[in-house]
Amino acid sequence: MLTNEYVKRVYDQVQKRDGDQPEFLQAVYEVLDTLQPVIAKHPEYEANGVLERLVEPERVVKFRVAWVDDAGKVQVNRGYRVQFNSAIGPYKGGLRFHPTVNEGVIKFLGFEQILKNSLTTLPMGGGKGGSDFDPKGKSDAEVMRFCQAFMTELNRHIGQFTDVPAGDINVGAREIGYLFGQYKRIRNEYSGVLTGKGLEFGGSLARTEATGYGLCYYTAEALRVLKNDSFEGKTVVISGSGNVAIFATEKAQELGAKVVTASDSNGYVYDPDGIKLDIVKDIKLGHRGRIKEYAERVPGAEYHEGCAGVWTVPCDIALPCATQNEIDEASAEALVKNGCKVVCEGANMPSTPEAIAVYQKNGLLYGPAKAANAGGVAVSGLEMSQNSYRLSWTFEETDAKLKSIMESIVAESLAAAKEYGEEGDLMAGANIAGFVKVANAMVAQGIL
Ligand code: GLU
């Protein structure tokens, strides 16, 4: 609950201005709520208007993306880039291509990215972008033409020292390749302006795996420190079947867990013997198929229509890796009822506020997205370093750096939580630790 006068005033203003952006309001409320003890202790943040500046993007770019489909018909999509905060580095954050994308969704993602990027300890500000373009069912040539049209406008707003986009939902190696090619063509400049690039043209080893692997490193470390426990022998429910889910499954299996589910926007599969990841990879990475196919190919596996049902599968650990608000109060209660003790988030904001309240009431270990899924952007930051050095590190070297960053995020979060009287609270700790660094930089740089 918001009780601090300054915090309340800032939130009321956001509500007045952005009342039509529910996801953004949700993300802001959670952060402001947990920052209250920090604000109370540091009057300089109010004196310097840090919060009212933090909730207002430095810049929002919204543009038309016109392209021609395979049938020769003109298509028009909306493109966005929200340059939210550059206090600690150039804007950094992914691009999402999905029909649900609108300004409020990109703003919530960009806002989360500010604190997430700060937590990685690397010098990256917060940004996010995307389009309501739906790549599902589009040909390669259509995706290429769309990406070229998108970059034709975006290129003037970004740059290796200004704003460095990457992937997010539906933006992977294929899209980043097309986007990079078009940037290079227009600017006649070969630079690390995007991350998540192919290995042949400046990409980093372990970037593809980073979000999923990082999620498991974070979860394993939180389990070790807070519960003296591990993944070994645990049953894990994972939602999604994209890049995050696939590599979270791979690492969880490697750490001795049994992952029993995978899902997409149509439904979920349950495999009591443990998910065969090579089949999921073949379906999703091989031919962009639907997860239903898994149950047709694997004897003993079941397919269920509707993706929310995945939260009714009994488990010890749940790793939501699909999308925002995929776990509501009823799903959180089903998880708890069936024995789940840990929820760590691979997707951005996958739990509604009511679901988080259920975790807290029942004493679950809850690892919030901006900490638990920071591995993706962390390795993006390492990709930027490698591009600047003009060299590349081995997989082992990059993976080891990722692991140590995820472990330090757990330590940083717990230390911040303790300092402000919220001992053991990974959510409050992540918000506070991420915020303090950005806030101090904003104070030091003056009123901008
Ligand atoms: N989209 C990812 C995220 O949500 C990665 C962003 C990046 O690598 O810039 O953090």
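Every number for a ligand or one of its atoms is a count from 1 in the order of the listing. Quick note: numbers below take in every heavy atom, side chains included, and nothing from hydrogens, waters or symmetry partners.
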W67 and F133 aromatic centres sub-6.0 Å: yes
Nearest non-hydrogen protein atom, atom 3 (C) of ligand 1: K116 NZ, 3.3 Å
Steps toward side chain to side chain donor-acceptor pair (under 3.5 Å) verdict (R290, S265): CA-CA 9 Å; R290 306 306 296 166; S265 54; 3.0 Å; yes
Protein contact to atom 9 (O) of ligand 1 [nearest heavy atom, distance to 0.1 Å]: K92 NZ, 2.7 Å
Which segment of Q113 sits under 4.0 Å of ligand 1 when only heavy atoms are counted: side chain
Ligand 1 atoms in contact with D168 (distance to a heavy atom under 4.0 Å): 1 (N), 2 (C), 4 (O)
N348, portion touching ligand 1 at heavy-atom distance under 4.0 Å: side chain
Under-4.0 Å heavy-atom contact with ligand 1, by part of K128 that carries it: side chain
N or O pair under 3.5 Å between G167 and ligand 1: yes
CG/N188: more than 12 non-hydrogen atoms of other groups inside 6.0 Å: no
Pair E56 + R17: basic N to acidic O under 4.0 Å: yes
Nearest non-hydrogen protein atom, atom 8 (O) of ligand 1: S380 OG, 2.5 Å
Ion pair K107/E103, N-O distance below 4.0 Å: no
Under-4.0 Å heavy-atom contact with ligand 1, by part of M124 that carries it: neither
Numbering as shown, the atoms of ligand 1 that approach A166 to under 4.0 Å (heavy-atom distance): 7 (C), 8 (O), 9 (O)
Which atom of A372 lies closest to which atom of M406, heavy atoms considered: O-CE, 3.6 Å
Sub-4.5 Å side-chain heavy-atom contact between M384 and P90: yes
Atom 5 (C) of ligand 1: the protein heavy-atom neighbour that sits closest, reported with distance to 0.1 Å: R207 NH2, 3.5 Å
For atom 6 (C) of ligand 1, closest protein heavy-atom neighbour: G94 N, 3.5 Å
P99 side chain near V101 side chain, heavy-atom distance below 4.5 Å: no
